[in-house]
Amino acid sequence: MSVDLAASGLASIVPALPRGVRLRFDESRQQWFLLGPERVFEPDDTAAEILRLIDGTRSVEAIAQDLAGKFEADPAEIAADVMAFLRDLAGQRMIDL
Amino acid sequence: MRKWKKPMITEVAVGCET
């Protein structure tokens with residue numbers, strides 16, 4: 001499924017985990033955690049799906065396209081939600097944009 | 001296809017240990 005999000009400018013934004021921040025799956029709790037220096041965040045299912053696609057090379061556009069193939073929603077809505085989520089995390093210094 | 005929900009993330013309070 002190909003979605004045209006090119007006009008949104010999200011192709012040029014490539015999120016990455018900052019130094020010292022990592023995403024970890026806790027087997028005992030069956031839960032993803034985003035671990036920062038002395039801080040821990042618990043993502044819900046959608047947030048974990050987004051975080052797992054962040055590898056420092058994929059753009060927000062590419063991440064949104066991937067998710068549009070997995071979830072039932074308007075691709076533009078997915079892209080907007082992903083971008084808002086990443087901006088929020090960037091404000092917490094848990095993501096580099 | 002799964003239904004899309006807005007992503008949410010919650011900061012977990014990390015308790016310090018005597």
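So that the names make sense, note that chain A is the first sequence line, chain B the second, and so on, each numbered from 1. All values below come from the heavy atoms of this structure, side chains included, with hydrogens, waters and symmetry mates left out.
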Rounded distance (nearest 0.5 Å) linking atom CH2 of W4(B) with atom CD of E77(A): 8.0 Å
Cluster overlap I54(A) with V14(A), hydrophobic side-chain contacts below 4.5 Å: no
Short side-chain to backbone donor-acceptor contact, D81(A) and K6(B), under 3.5 Å: no
Positions in residues 83-97 of chain A that reach chain B, provided some heavy atom is under 4.5 Å away: F85(A), L89(A), Q92(A)
Straight-line distance of R2(B) CZ to E72(A) CD, nearest 0.5 Å: 12.0 Å
Region of I50(A) that comes under 4.5 Å of a non-hydrogen atom in chain B: side chain
Linked, directly or transitively: F71(A) and L53(A) (ILVMFWY side chains, under 4.5 Å): yes
Option from T46(A), D45(A), D44(A) for which side-chain contact (heavy atoms from CB on, under 4.5 Å) with M8(B) holds: D44(A)
Working for side-chain contact (heavy atoms from CB on, under 4.5 Å), residues I9(B) and L51(A): CA-CA 11 Å; I9(B) 191 162; L51(A) 292 168; 4.2 Å; yes
V12(B) and its side-chain contact (heavy atoms from CB on, under 4.5 Å) partner, picked from L35(A), V40(A), L34(A): V40(A)
